[in-house]
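Scroll down for the structure; my scribbles are underneath it.
Read the numbers this way: they start at 1 and go in the same order the structure lists the ligands and their atoms. Keep in mind that this is a model prediction, so the values were computed, not measured.
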Amino acid sequence: MANNTWETLAAYGSETGTIEIQECRNKEGKEKYRRVITYMEDNHKKKEEAGSLEEVFKSLEGQDWLLYFPLYVNPKVKKILGARLLQQPFKTHAAYETWLQYCFQEEETNIVKLAGAVAASSKTVVLTGAGMSTESNLPDFRSKAGWWQKIDPKSIAVPEAVENNYSVFADFYGERIKALESTAPHAGHFILAEWEKSSLIHSVATQNVDGLHRKAGSRNVYELHGALDKVKCHRCGTETEIDNFLQKKPCASCSGRLRPGVVLFGEFLPEDAWNGALKNIEEADLVIVIGTSLEVYPVNQLPRMTDGRTIYVNAETESEHGSFDLLVKGKAKEVLEKVEVVLRNMSFY
Ligand code: APR
Ligand code: ZN
């Protein structure tokens, strides 16, 4: 910027006129700032000198963010304005969302919108799938490295497999149970547990049977497809130790075959978990769906059971998820970590 020329840092407007924030550097390299207000009715300009950037942005306080629509934000001040924007009580308001677009890059905007939705909502339920656990090194089912790329689920994840294919069934679920011993929740699981503690979210409904949400400290967890760390008899339902299943021992009560307490295709979901998840999703004003292809009934019906806003966070955000209010393409752990940073920045803690 040449000396003594005024450069516009930001411009925003409303029905009554526009405000330009300008910066000028004198020969000694010292900056000075001014606000140039142009009144719509007579094009009259009013210039107010200001000593610092902080002072010159003073006009953007509180409600002002919603009165003015941004017209231009110089990349030099995106961070400063963005940080000030995050200090405001988040509103899902058109003017606000426009400011987000001007202050943040596209990918960041979605993160900030997700953070704002969490901050602004009074009851949030998070619905997770296997994509929530792949960053804990557990394969999902339907993406390239998923279980069902190698094994036909109809040959193994069905009650008939317990009766007619028990050895392969027991090996498959035994392998998945043993894998849990060297698996831990990742930062995303811990963030959701923290948000529950800080009442930023109400509960987690999960299709995952790995128990990682519980292990991370989430207390309101609806395990819709059961859990691998519970073993019972397929015939009489008597619960027993995991080791008895791993050693393929018969049920001590009726000599029936043992199996993990997970929901196999064609079986009913645990009633308490389903009813709890459904009731809270119906009452929620925000449902965040993370890391699931939403291919499996009836869980894939849950996101449409809420009148609240719905946000889909997934590594692949296909067009068929267009019914969501916001699609955030990204990996569960990474997205949750970025949202956590924004929420802390918004001083919602
Ligand atoms: N972050 C975000 N999304 C991810 C990640 C990640 N780190 N890793 C994978 N994904 C996405 C995949 O792109 C895929 O869209 O998560 C989704 C996982 O989908 P599925 O593999 O179908 O798993 P899920 O939806 O949980 O399956 C539901 O099917 O077989 C049954 O009982 C099983 O509970 C499971 C149910
Ligand atoms: Zn039994």
Practice problem: In sequence, state the C-alpha distance, the side-chain angles, and the governing distance for H189 and S218, and then conclude on side-chain hydrogen bond (donor to acceptor under 3.5 Å, both in side chains). | Solution: CA-CA 8 Å; H189 294 102; S218 287; over 6 Å; no

Self-check item: Residues K215, D229: salt bridge by 4.0 Å N-O rule
Solution: no

Quiz item: Any idea which atoms of ligand 1 are less than 4.0 Å away from a heavy-atom of E135?
Solution: 1 (N), 6 (C), 7 (N)

Practice problem: Provide the number and element of each atom of ligand 1 under 4.0 Å from a heavy atom of W148. | Solution: 30 (O)

Quiz item: What pair of heavy atoms forms the shortest contact from L258 to C251, and how long is it?
Solution: CD2-CA, 3.8 Å

Exercise. Please work out the angle at the Zn ion (ligand 2) defined by atom SG of C254 on one side and atom SG of C236 on the other, rounded to 10°.
Key: 120°

Quiz item: Looking at N280, T206, N275, which one forms a side chain to side chain donor-acceptor pair (under 3.5 Å) with Y222?
Solution: N280

Exercise. Please could you name the atoms of ligand 1 that G129 approaches to less than 4.0 Å, counting only its heavy atoms?
Key: 26 (O)

Quiz item: For F265, is the nearest heavy atom under 4.0 Å from an atom of ligand 1?
Solution: yes

Quiz item: Of the listed options (E295, R142, H186), which comes nearest to atom 27 (O) of ligand 1 when hydrogens are ignored and any heavy atom counts?
Solution: R142

Quiz item: Within the distance-only criterion (no hydrogens, no angle test), does the side chain of K47 pair as donor or acceptor with the backbone N or O of V36 below 3.5 angstrom?
Solution: no

Self-check item: Any side-chain donor near an acceptor of the partner, S122 and D285, under 3.5 Å
Solution: yes

Practice problem: Distance to 0.1 Å, residue and atom name: give those for the protein heavy atom nearest to atom 15 (O) of ligand 1. | Solution: N314 ND2, 2.9 Å

Quiz prompt | Aromatic plane relationship, Y166 with F169 - under 30° parallel, 30 to 60° tilted, over 60° perpendicular | solution = parallel

Practice problem: Taking only heavy atoms of E316 into account, list the atoms of ligand 1 that are under 4.0 Å away from them. | Solution: 13 (O)

Quiz item: Can you list the atoms of ligand 1 that are under 4.0 Å from a heavy atom of G291?
Solution: 3 (N), 16 (O), 17 (C), 18 (C)

Quiz prompt | Test item, G330 contacting ligand 1 (heavy atom, 4.0 angstrom) | solution = yes

Practice problem: For side-chain contact (heavy atoms from CB on, under 4.5 Å), just list the numbers for L269 and H225, CA-CA rounded to whole Å, side-chain angles, deciding distance to a tenth of an Å, and then say yes or no. | Solution: CA-CA 6 Å; L269 277 61; H225 287 168; 4.2 Å; yes

Quiz item: What residue and atom, counting heavy atoms only, is the protein's closest point to atom 26 (O) of ligand 1, and at what distance?
Solution: A130 N, 2.8 Å

Self-check item: Shortest non-hydrogen contact between W274 and P298, atoms and distance
Solution: CH2-O, 3.6 Å

Quiz item: Using heavy atoms and a threshold below 4.0 Å, how should the contact between T292 and ligand 1 be classified: side chain, backbone, both, or neither?
Solution: both

Quiz item: N/O/S atom of C233 under 2.8 Å from the Zn ion (ligand 2), yes or no?
Solution: yes

Exercise. Just let me know how H225 lines up against ligand 1, side chain, backbone, both or neither, with a heavy-atom cut-off below 4.0 Å.
Key: side chain

